[in-house]
Asks: 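Here's a structure for you.
Everything quoted here is computed from the prediction, not taken from an experiment. Whatever order the structure lists them in is the order used to number ligands and atoms, beginning at 1.
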Amino acid sequence: MAEIDLLLARAKEFHGDMCPGIVLGTRMTMIGMRELHMDPMVRNRDLIVYVEIDRCITDAVQAITGCSLGRRTLKYRPYGKFAATFINLATQDAVRVSAREKERTENPGPEAATALRDAPEEDLFKVQRVGVVIPEGDLPGFPKHRTRCSRCGETILDNKEIVAEETILCGNCARGSYYTEAD
Ligand SMILES: [Zn+2]
Ligand SMILES: [Zn+2]
């Protein structure tokens, strides 16, 4: 079986179905790892990936690379774009792979997935060398910094507190939260 089909099978298994996004994400991951001289068949401890959307492609990235939020090797930036940046922590090399607009398909059926599997790389993707500075509080490893919110009292790890006029606040208290207290 061709390498792409082995990787597609792995992504499909994780995601639950074979859709155009899984094919795009698999190909993006293959390109990103190739550009970093990594083998997509082998987990690489030095790989960090920033994804710019929380849709199908992200599951392909996670399934193939083994990068995850919990390992701090997968980073999510909510930009709503079909793009991901692959970083080799050991060398600091980074490459951003994004899907070209014209290939966004309207019908998400199996024929679209097959067409995307076989289409020329340069028709589907833009590949850019980029620089990424990963903040210390976002790196894998044990937490180096821990503090407490002065308003809600909850513990905050990894430099995520917001300090204003010498007051330490968590993100929820400083910026407004995604939840409200139920009565
Ligand atoms: Zn999907
Ligand atoms: Zn708080």
Asks: Look at atom OH of Tyr76 and say whether more than 12 heavy atoms of other residues, nucleotides or ligands are closer to it than 6.0 Å.
Replies: yes
Asks: Output, in order, the C-alpha distance, side-chain angles, deciding distance and verdict of side chain to side chain contact (heavy atoms under 4.5 Å, CB included) for His37 and Thr91.
Replies: CA-CA 11 Å; His37 309 292; Thr91 63; over 6 Å; no
Asks: Give me the number of protein N, O or S atoms whose distance to the Zn ion (ligand 1) is under 2.8 Å.
Replies: 3
Asks: Under a 4.5 Å side-chain heavy-atom rule over Ile, Leu, Val, Met, Phe, Trp and Tyr, are Leu169 and Tyr178 clustered together?
Replies: no
Asks: Of Asp93, Thr65, Asn88, which meets side-chain contact (heavy atoms from CB on, under 4.5 Å) against Met38?
Replies: Asn88
Asks: Which other residues belong to the hydrophobic cluster containing Leu139, where Ile, Leu, Val, Met, Phe, Trp and Tyr are joined when side-chain heavy atoms lie under 4.5 Å apart, directly or via other members?
Replies: Ile48, Tyr50, Ile87, Leu89, Val130, Val132, Ile134
Asks: Close to the Zn ion (ligand 2), meaning under 2.8 Å, how many protein N, O or S atoms are there?
Replies: 4
Asks: Taking all atoms of both residues into account, what is the closest heavy-atom pair of Leu157 and Pro143, and its distance?
Replies: CD1-CG, 4.0 Å
Asks: side-chain hydrogen bond (donor to acceptor under 3.5 Å, both in side chains) with Arg34: which residues, sequence neighbours excluded?
Replies: Glu121
Asks: Are there over 12 heavy-atom neighbours, none belonging to Lys160, within less than 6.0 Å of that residue's NZ?
Replies: yes
Asks: What's the shortest heavy-atom distance between Pro40 and Glu3, and which atoms?
Replies: CG-OE1, 3.8 Å
